[in-house]
Peer 1: 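Provided herewith is a single structure, encoded as structure tokens, for subsequent inquiry.
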Amino acid sequence: MNYTLLKSQKKFLEVPHDLEMDVCVYQGGFGSGKTWAGSLLGILLALKFPGIVGLVGAQTYSLVRDTTLSSYFEHLENFGMVLGKDYFFHKSEQKIEFKNGSVVLFRHFDEPNKLKSLNLGFVEVEEMSDIPHDTFKMLLGRMRQQIRPGWKAFKYRLFGHTNPENHKGWIYKTFVESKLPNFRLIQAPSTENIFLPKTYLENMKNIYDENYYKSNVLGRFGDFSNNLVVKNFDEKNVRKILYHRALPLHISCDFNVDPMCWILAFKDADRAYFFDEIVLENTTTVQACAEFAHRYPHHAGRIIINGDASGDNRSCTSEYTNYILMRRSLSNLGYRAVDIEIRRFNPPIKNRINAFNCLVKSQNGRYRLYIDPKCEKLLYNIDNLKYREGSSILDLPVYQKILQNREFKFLGHPFDAASYLVEYYFPVV
């Protein structure tokens, strides 16, 4: 079988470096041949390296079954390979076994801990932007199959294909902002696919708006600043902030059950400095206090607790009770000067947002809010917390979306914690 490869598909299949592992994302628009190229690469690796073990997966198994597995069968048929002779499909185990001993497993990533025992030669990920960053890092750690004699010019390959992210997620940060030498991002426009009907592309141009067309047809990253809650935030707002054990230390709290988010800050009369965050899943106020004590056991200055003044609907206790419990816990841990400074009632959320934006950068260009790079969840909120299209309501992820990507559970609460402090001390009057 002779295939005519598109330019981006050829770049995707070939490795332009001599490093031991290649990590590549094929990011394309609709109909750009992403899944087709990924399954082709998986089969070529299975045939070239006898005995290799590959894993093909997505966040949900239905996506693997209906999209990727079907594409594998299509290629095998085009190659003239016969089921039961050249390869075998074990339905109960969801794997393809080749005559040369190579095996390709098809799995979902909803329970990534079940994959930790695998020793793999390659991994293919369908809709890579749907999986959490932690799953991606776990998969990198599974690339450890022993290299066999005869595997000439072998490289471990982790490759994925996806539509562009609609937020500034881990793919952008990993493959653009902090790209390693063996990490590659290939952006493939739908317009490159000469096999698509001309009317298909013309219809998309007529139907989609500019930003949607740019992402889902041209395969480019979208305008991540569109509808962002925090405006004008840039690299000047990010700096290393030194911890001083004698200064008054602010802990601004959002007492959500999962996750609980506390942002730690120093401030002066004119500026706020967020130097650390405590973001814990499935925890309690007492456990979060213990984490603070573990990180800052010798803090000698005053501790001021700030945060949400309202009750927590997810808890049978009120926020005020949580604050009292927090002060008692910190006192029991040896901190002597612990005070609570919160409003009796929360102002409208727009007041918090306006105060935060004014501190980020004023109209005359003054920067008054700084965040340490280790406040990863707060910075994630700065980059991704948005309004719903055409409204002033925050676009927070629903439960089903969080199930698909656990990273979304951290959207909203860290910003809430930080903005409570900002609005309390720097309100916009």
Peer 1: Please round to the nearest 0.5 Å and tell me the distance separating atom NE2 of His133 and atom CD1 of Ile171.
Peer 2: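 With rounding to 0.5 Å, NE2 (His133) is 9.5 Å from CD1 (Ile171).
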Peer 1: Hey, could you give me the CD1/CD1 distance between Ile43 and Ile96, rounded to the nearest 0.5 Å?
Peer 2: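 Taking CD1 in Ile43 and CD1 in Ile96, the distance rounds to 6.5 Å.
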Peer 1: Among Phe274, Phe266, Tyr273, find the residue that satisfies the ring-ring contact (aromatic ring centres under 6.0 Å, His included) test when tested with Tyr370.
Peer 2: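 Result for ring-ring contact (aromatic ring centres under 6.0 Å, His included) with Tyr370: Tyr273.
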Peer 1: Output every pair passing side chain to side chain donor-acceptor pair (under 3.5 Å) with a member in residues 141-155, not counting sequence neighbours, ordered by first then second residue.
Peer 2: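 Residue pairs passing side chain to side chain donor-acceptor pair (under 3.5 Å), neighbours aside: Asn119-Arg144.
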Peer 1: Taking the side chain as every heavy atom from C-beta outward, state whether Asn384 and Phe408 have any atom pair closer than 4.5 Å.
Peer 2: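 In short, these two side chains do not touch, never coming nearer than 4.5 Å.
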Peer 1: Any chance you could measure Leu249, atom CG, to Ile305, atom CD1, to the nearest 0.5 Å?
Peer 2: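 Atom-to-atom, Leu249:CG and Ile305:CD1 are 10.5 Å apart.
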Peer 1: With sequence neighbours excluded, give me every salt bridge (Lys or Arg N to Asp or Glu O under 4.0 Å) pair touching residues 280-290.
Peer 2: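 Residue pairs with at least one partner in residues 280-290: Glu281-Arg406, Glu281-Lys409.
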Peer 1: Do the side chains of Asp383 and Lys173 get nearer than 4.5 Å, heavy atoms only?
Peer 2: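 Lys173 vs Asp383: side chains touch.
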Peer 1: Please evaluate residues Asn346 and Asp308 with respect to the criterion side-chain hydrogen bond (donor to acceptor under 3.5 Å, both in side chains), reporting the C-alpha separation (whole Å), side-chain torsions for both, the decisive distance (0.1 Å), and the verdict.
Peer 2: CA-CA 7 Å; Asn346 281 331; Asp308 188 2; 2.2 Å; yes
Peer 1: Quick one: ring-ring contact (aromatic ring centres under 6.0 Å, His included) partners of Tyr72, sequence neighbours excluded?
Peer 2: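 Phe106.
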Peer 1: Do any N or O atoms from the side chain of Asn381 and from the backbone of Phe410 form a donor-acceptor pair under 3.5 angstrom?
Peer 2: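 Yes; judged by distance alone, with no hydrogens or angles, the pair exists.
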Peer 1: If the condition is side-chain hydrogen bond (donor to acceptor under 3.5 Å, both in side chains), which residues does Thr68 pass it with, not counting sequence neighbours?
Peer 2: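 Listed in chain order: Glu126.
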Peer 1: Phe88: what forms a ring-ring contact (aromatic ring centres under 6.0 Å, His included) with it, not counting sequence neighbours?
Peer 2: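 By the ring-ring contact (aromatic ring centres under 6.0 Å, His included) rule, Phe88 matches no residue at all.
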Peer 1: Do the ring centers of Trp36 and Tyr3 come within less than 6.0 Å of each other?
Peer 2: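 Centroid distance Trp36-Tyr3: below 6.0 Å, so yes.
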Peer 1: Looking at side-chain heavy atoms only, is the closest gap between Tyr26 and Leu13 below 4.5 Å?
Peer 2: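 Sidechains of Leu13 and Tyr26: no contact.
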Peer 1: Can you sort out the partners of Tyr424 under ring-ring contact (aromatic ring centres under 6.0 Å, His included), two or more places apart, ordered by chain and number?
Peer 2: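 Tyr424 satisfies ring-ring contact (aromatic ring centres under 6.0 Å, His included) with no residue once adjacent residues are dropped.
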Peer 1: Kindly indicate whether the side chain of Leu394, heavy atoms from C-beta on, has any atom under 4.5 Å from the side chain of Ile353.
Peer 2: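 Yes - at least one pair of side-chain heavy atoms lies under 4.5 Å apart.
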Peer 1: CD/Gln9 to OG1/Thr4 distance, rounded to the nearest 0.5 angstrom?
Peer 2: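 OG1 of Thr4 is found 10.0 Å from CD of Gln9.
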Peer 1: What pairs of residues pass the salt bridge (Lys or Arg N to Asp or Glu O under 4.0 Å) test when at least one of them lies in residues 65-84, not counting sequence neighbours?
Peer 2: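 The answer is none; no pair qualifies.
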Peer 1: How about Cys253 and Met326: do any of their side-chain heavy atoms sit closer than 4.5 Å?
Peer 2: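 Contact flag for Cys253/Met326 side chains = yes.
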Peer 1: Can you tell whether the side chains of Asp234 and Lys236 come within less than 4.0 Å, N to carboxylate O?
Peer 2: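 Looking at Lys236 together with Asp234, the answer is no, because their closest N to O distance does not fall below 4.0 Å.
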Peer 1: Using 0.5 Å steps for rounding, measure from the CG atom of Leu158 to the CZ atom of Phe122.
Peer 2: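 Here the rounded value is 10.5 Å.
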Peer 1: Do Tyr213 and Leu218 make a side-chain contact, defined as non-hydrogen atoms from C-beta onward lying under 4.5 Å apart?
Peer 2: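 Tyr213 vs Leu218: side chains touch.
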Peer 1: What I'd like to find out is whether the side chain of Tyr87 reaches to under 4.5 Å of the side chain of Phe73, using heavy atoms alone.
Peer 2: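 Yes, their side chains come closer than 4.5 Å.
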Peer 1: I need the Ile342 CD1 to Leu421 CG distance, nearest 0.5 Å.
Peer 2: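 Separation between the atoms: 12.5 Å.
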Peer 1: Donor-acceptor pair, Lys240 side chain versus Pro373 backbone, under 3.5 Å?
Peer 2: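 No; zero donor-acceptor contacts below 3.5 Å.
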Peer 1: Name every donor-acceptor pair, under 3.5 Å, that has one atom in a side chain of residues 180-189 and the other anywhere in the protein, sequence neighbours excluded.
Peer 2:
{"unit_1": "Asn182", "atom_1": "ND2", "unit_2": "Met21", "atom_2": "O", "d": "2.9"}
{"unit_1": "Arg184", "atom_1": "NE", "unit_2": "Asp22", "atom_2": "OD1", "d": "2.9"}
{"unit_1": "Arg184", "atom_1": "NH1", "unit_2": "Lys11", "atom_2": "O", "d": "2.8"}
{"unit_1": "Arg184", "atom_1": "NH1", "unit_2": "Glu14", "atom_2": "O", "d": "3.2"}
{"unit_1": "Arg184", "atom_1": "NH2", "unit_2": "Phe12", "atom_2": "O", "d": "3.3"}
{"unit_1": "Arg184", "atom_1": "NH2", "unit_2": "Glu14", "atom_2": "O", "d": "3.2"}
{"unit_1": "Arg184", "atom_1": "NH2", "unit_2": "Asp22", "atom_2": "OD2", "d": "2.9"}

Peer 1: With Asp276, which residues qualify under side-chain hydrogen bond (donor to acceptor under 3.5 Å, both in side chains), at least two apart?
Peer 2: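 side-chain hydrogen bond (donor to acceptor under 3.5 Å, both in side chains) list for Asp276, sorted by chain: Arg295, Tyr296.
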Peer 1: Mind running ring pair (Phe, Tyr, Trp, His ring centres under 6.0 Å) on Phe292 and Trp262 for me, showing each step along the way?
Peer 2: CA-CA 9 Å; Phe292 173 81; Trp262 294 0; 7.7 Å; no
Peer 1: State, to 0.1 Å, how close Ser190 and Gly29 come at their nearest heavy-atom pair, and which atoms those are.
Peer 2: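 Closest approach of Ser190 to Gly29: OG-C, 3.2 Å.
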Peer 1: Pairs in or reaching into residues 88-98: which pass salt bridge (Lys or Arg N to Asp or Glu O under 4.0 Å), with residues at least two apart or in two chains?
Peer 2: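 Residue pairs passing salt bridge (Lys or Arg N to Asp or Glu O under 4.0 Å), neighbours aside: Glu93-Lys95.
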Peer 1: Quick check: does any side chain N or O of Gln27 sit under 3.5 Å from a backbone N or O of Pro164, one acting as donor and the other as acceptor?
Peer 2: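 Here the side-chain-to-backbone pair does not exist.
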Peer 1: With Tyr156, which residues qualify under ring-ring contact (aromatic ring centres under 6.0 Å, His included), at least two apart?
Peer 2: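 So Tyr156 forms a ring-ring contact (aromatic ring centres under 6.0 Å, His included) with Phe154.
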Peer 1: Phe415 and Phe356: ring pair (Phe, Tyr, Trp, His ring centres under 6.0 Å), yes or no, with the steps?
Peer 2: CA-CA 10 Å; Phe415 174 77; Phe356 198 92; 5.0 Å; yes
Peer 1: For Asp372 and Leu242, indicate whether the former's side chain and the latter's backbone hold a donor-acceptor pair under 3.5 Å.
Peer 2: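 Absent.
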Peer 1: Could you note down all residue pairs passing salt bridge (Lys or Arg N to Asp or Glu O under 4.0 Å) where residues 98-107 supplies at least one of them, sequence neighbours left out?
Peer 2: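 Of all non-adjacent pairs touching residues 98-107, those that pass salt bridge (Lys or Arg N to Asp or Glu O under 4.0 Å) are Asp86-Lys99.
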